[in-house]
Amino acid sequence: VTSKEADETPSDFAGRVRGSIAECLQVLLSNHSHDDQRLQRRCRKLYKRPPDDLAWAMPETRTCKLLLGLDLDGCTDAARAYVSRVEASQLE
């Protein structure tokens, strides 16, 4: 992968790098991003799951953001609210 073209966006450059890596490794290219890792880590922490628990694997956040206008902070707030409701119902 050569250096970034002058008019290339950071996202385009990253996509080109990921495409080259996937091609070299002969694997399919996904649309996962740093946001996927951040959201998964936040959910694992909220739900007290170990880092290697793959049950919390999530769909590609970048795709959700593009299609749905997903907001990572809004998702974190929704997860916190859900945890609070679950914990409150367990007390009853």
Side-chain angles (χ1 to χ4, degrees):
V1 177
T2 59
S3 62
K4 180 173 105 162
E5 301 292 327
D7 61 342
E8 188 174 38
T9 66
S11 180
D12 290 338
F13 177 71
R16 194 161 53 85
V17 170
R18 289 174 39 242
S20 294
I21 291 170
E23 184 179 328
C24 288
L25 296 174
Q26 298 180 344
V27 297
L28 295 176
L29 178 65
S30 76
N31 199 26
H32 284 87
S33 68
H34 179 66
D35 285 339
D36 297 297
Q37 183 273 335
R38 289 175 55 211
L39 183 58
Q40 289 174 14
R41 189 176 64 205
R42 288 180 184 188
C43 286
R44 282 188 192 110
K45 186 176 180 181
L46 284 169
Y47 294 106
K48 298 174 178 64
R49 306 301 297 185
D52 60 343
D53 182 356
L54 297 179
W56 293 101
M58 309 243 341
E60 299 166 340
T61 304
R62 182 180 306 175
T63 300
C64 294
K65 285 173 66 173
L66 291 172
L67 295 174
L68 304 173
L70 180 69
D71 171 49
L72 185 59
D73 292 330
C75 289
T76 302
D77 292 343
R80 283 190 179 115
Y82 175 78
V83 169
S84 295
R85 286 193 306 273
V86 169
E87 290 174 348
S89 70
Q90 290 174 351
L91 296 175
E92 295 174 357

Worksheet entry | For Arg38, salt bridge (charged side-chain N to carboxylate O under 4.0 Å, His left out) partners two or more places apart | Asp35

Item to complete: Output all residues satisfying side chain to side chain contact (heavy atoms under 4.5 Å, CB included) with Leu25, sequence neighbours left out; order by chain, then residue number.
Response: Ile21, Val27

Worksheet item: Taking only residues two or more places apart in sequence, or in another chain, which ones meet Ala14 in a side chain to side chain contact (heavy atoms under 4.5 Å, CB included)?
Response: none

Could you give the side-chain donor-acceptor pairs of residues 70-78 under 3.5 Å, partners two or more places apart or in another chain?
from	atom 1	to	atom 2	distance (Å)
Asp71	OD2	Gly74	N	2.8
Asp73	OD1	Arg42	NH1	3.3
Thr76	OG1	Arg42	NH1	2.8
Thr76	OG1	Leu72	O	3.0

Worksheet item: How many angstroms lie between CZ in Phe13 and CZ in Arg18, if you round to the nearest 0.5 Å?
Response: 12.5 Å

